[in-house]
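These notes are about the structure you will find just below.
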Amino acid sequence: MANEGTANARGTATYDFTGSTVLVTGGGTGIGLAITEAFLAAGANVVITGRRKDKLEEALKDADPARSAAITADVSDGQQVRQLVDQVINRFGRLDVVVSNAAGYANGPLTELDDADWESLRGANIDGFFHLAKATLPKLAESGGNLVAVSSVSGMRGDWGQAGYNATKAAVSNFVRSLALDWGPKGVRLNAVAPAFTVTDVTRPFAEDEALLPRFVNRVALGRVGQPEDIAPAVLFLASSAASYVTGVVLPVDGGTSASTGQAHI
């Protein structure tokens with residue numbers, strides 16, 4: 001499907017995904033919603049999934065129903081993921097791009113992370129990627145498509161009080177690298193983006209805390225925290241033919257956060 005990059009009047013890269021079918025997990029809110037809107041604007045058929053039907057329907061309220069669909073599913077459940085993929089194929093006949101974005105978050109000392117919290121965190125972040133990749137990679141091999149995961153800079157290094165979350169995101173990043181090796185000969189590319197602090201429903205309380213926010217900004221070279229709209233263009237690039245020789249990459253989209261050694265800004 002045509003998706004070569006061009007530049008609009010503002011110099012921002014745009015991509016044509018007309019005729020392509022894209023599946024976005026967690027596509028109803030936050031970064032996932034920005035990715036959904038970007039692919040729709042680029043002409044793609046877009047299927048979004050998540051556990052909250054109301055959020056999915058709200059996300060697609062202005063979308064063309066002929067090329068969009070909302071399907072509720074829990075990505076931590078392999079059977080639900082397989083059924084989801086079957087529904088996508090039945091609706092649009094093909095699958096070209098998969099965006100593994102659905103995720104959970106928990107913080108605090110590891111000794112205070114109870115078993116249920118860990119199961120939920122692992123289920124959303126690791127099991128969700130596992131089930132999604134397993135179900136979609138054969139379909140992507142048929143279409144010559146690709147998968148883009150939303151990982152995190154927290155999967156690249158450590159954070160205080162986030163050992164469980166960081167471990168799950170590190171697993172996602174290394175899943176991407178390893179599967180890129182396995183599936184490259186079959187014509188499938190796998191990449192990931194790694195955002196740093198990005199304002200979403202989960203992080204908004206931190207962003208609105210006037211005492212806490214400067215501590216995050218202090219670590220960002222560009223002097224501001226991220227917005228979902230900062231992440232979506234990088235996902236479209238990695239999914240497009242402009243990145244046809246790019247695979248196995250975990251691309252920081254973090255305003256320069258990961259450029260730092262982590263030492264204090266003096």
Side-chain angles (χ1 to χ4, degrees), residues 1 3-7 12-17 20 22-27 31-32 34-36 38-39 42 44 95-103 125-126 128-130 132-134 136-141 143-159 165-198 220-222 226-260:
M1 298 296 167
N3 49 53
E4 293 81 2
T6 60
T12 303
T14 59
Y15 304 95
D16 181 10
F17 282 89
S20 296
V22 180
L23 171 61
V24 183
T25 68
I31 293 172
I35 293 168
T36 295
F39 273 113
L95 182 57
D96 300 281
V97 178
V98 174
V99 180
S100 179
N101 168 72
N125 297 359
I126 301 178
F129 181 92
F130 167 79
L132 188 67
K134 187 175 180 180
T136 61
L137 285 171
K139 304 299 182 185
L140 296 174
S143 66
N146 67 90
L147 185 152
V148 182
V150 178
S151 186
S152 172
V153 294
S154 294
M156 300 166 62
R157 296 178 178 84
D159 287 303
Y165 176 76
N166 286 40
T168 64
K169 285 300 188 177
V172 169
S173 294
N174 236 23
F175 253 138
V176 165
R177 295 184 184 102
S178 295
L179 289 172
L181 300 177
D182 293 339
W183 287 82
K186 300 173 185 178
V188 180
R189 297 184 300 108
L190 290 97
N191 293 291
V193 292
F197 186 101
T198 304
V220 184
L222 294 182
Q227 299 293 330
E229 293 74 20
D230 293 318
I231 315 304
V235 173
L236 264 67
F237 162 69
L238 290 173
S240 77
S241 60
S244 62
Y245 202 56
V246 179
T247 195
V249 165
V250 179
L251 175 66
V253 187
D254 63 359
T257 300
S258 59
S260 169

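The figures here come from the full heavy-atom set of this structure, side chains too, leaving out hydrogens, waters and symmetry mates. All residue numbers in this chain count up from 1 along the given sequence.
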Side chain to side chain contact (heavy atoms under 4.5 Å, CB included) assessment of Asp230 paired with Thr198: CA-CA 9 Å; Asp230 293 318; Thr198 304; over 6 Å; no
Test Leu140 against Leu147 for side chain to side chain contact (heavy atoms under 4.5 Å, CB included), laying out the working first. CA-CA 8 Å; Leu140 296 174; Leu147 185 152; 4.1 Å; yes
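Residues Asn101 and Gly26 share a closest heavy-atom pair of ND2-O, 3.0 Å. For Val24 against Ile35, the heavy-atom pair with the smallest separation is CG2-CG2, 4.2 Å. Closest approach of Ala234 and Leu251 over heavy atoms only: CB-CD2, 4.3 Å. Listed here is the closest heavy atom pair of Asn174 and Arg177: OD1-NH1, 3.1 Å. Closest of all the heavy-atom pairs between Gly255 and Val220 is O-CG1, 3.5 Å. In this structure, Ala242 and Tyr15 approach most closely via the heavy-atom pair CB-CE2, 3.9 Å.
Side-chain atoms of Lys186 never come within 3.5 Å of backbone atoms of Pro138 as a donor-acceptor pair (strictly under, hydrogens ignored). Between the Arg189 side chain and the Val148 main chain, no donor and acceptor come within less than 3.5 Å of each other.
Proximity of Asn191 to Val250: side-chain heavy atoms (C-beta onward) are nowhere separated by under 4.5 Å. By the 4.5 Å heavy-atom criterion applied to side chains, Pro195 and Ile31 are counted as neighbours. Contact annotation: the side chain of Leu23 approaches that of Leu95 to within less than 4.5 Å [non-hydrogen atoms, C-beta and beyond]. Residues Val193 and Ser151 fail the side-chain proximity criterion, which asks for heavy atoms closer than 4.5 Å. Between Leu179 and Phe129 the shortest side-chain heavy-atom distance falls below 4.5 Å. Using a 4.5 Å heavy-atom threshold, the side chains of Val249 and Val246 count as touching. For the pair Ser152 and Tyr165, the minimum side-chain heavy-atom distance is below 4.5 Å. Proximity of Asn146 to Leu190: side-chain heavy atoms (C-beta onward) are nowhere separated by under 4.5 Å.
Here the CZ-OG distance, from Arg157 to Ser258, works out to 5.5 Å after rounding to the nearest 0.5 Å. Atom OG1 of Thr257 is separated from atom CG of Leu222 by 8.5 Å, given to the nearest 0.5 angstrom. One distance of note links CG of Asp159 with CG of Asn166; it measures 4.5 Å at 0.5 Å rounding.
Between Phe17 and Phe39, the ring planes are perpendicular. Angles over 60° get that label, and only those under 30° would be called parallel.
When only modelled atom types and interatomic distance are considered, Ser100 and Thr25 share no side-chain donor-acceptor pair under 3.5 Å.
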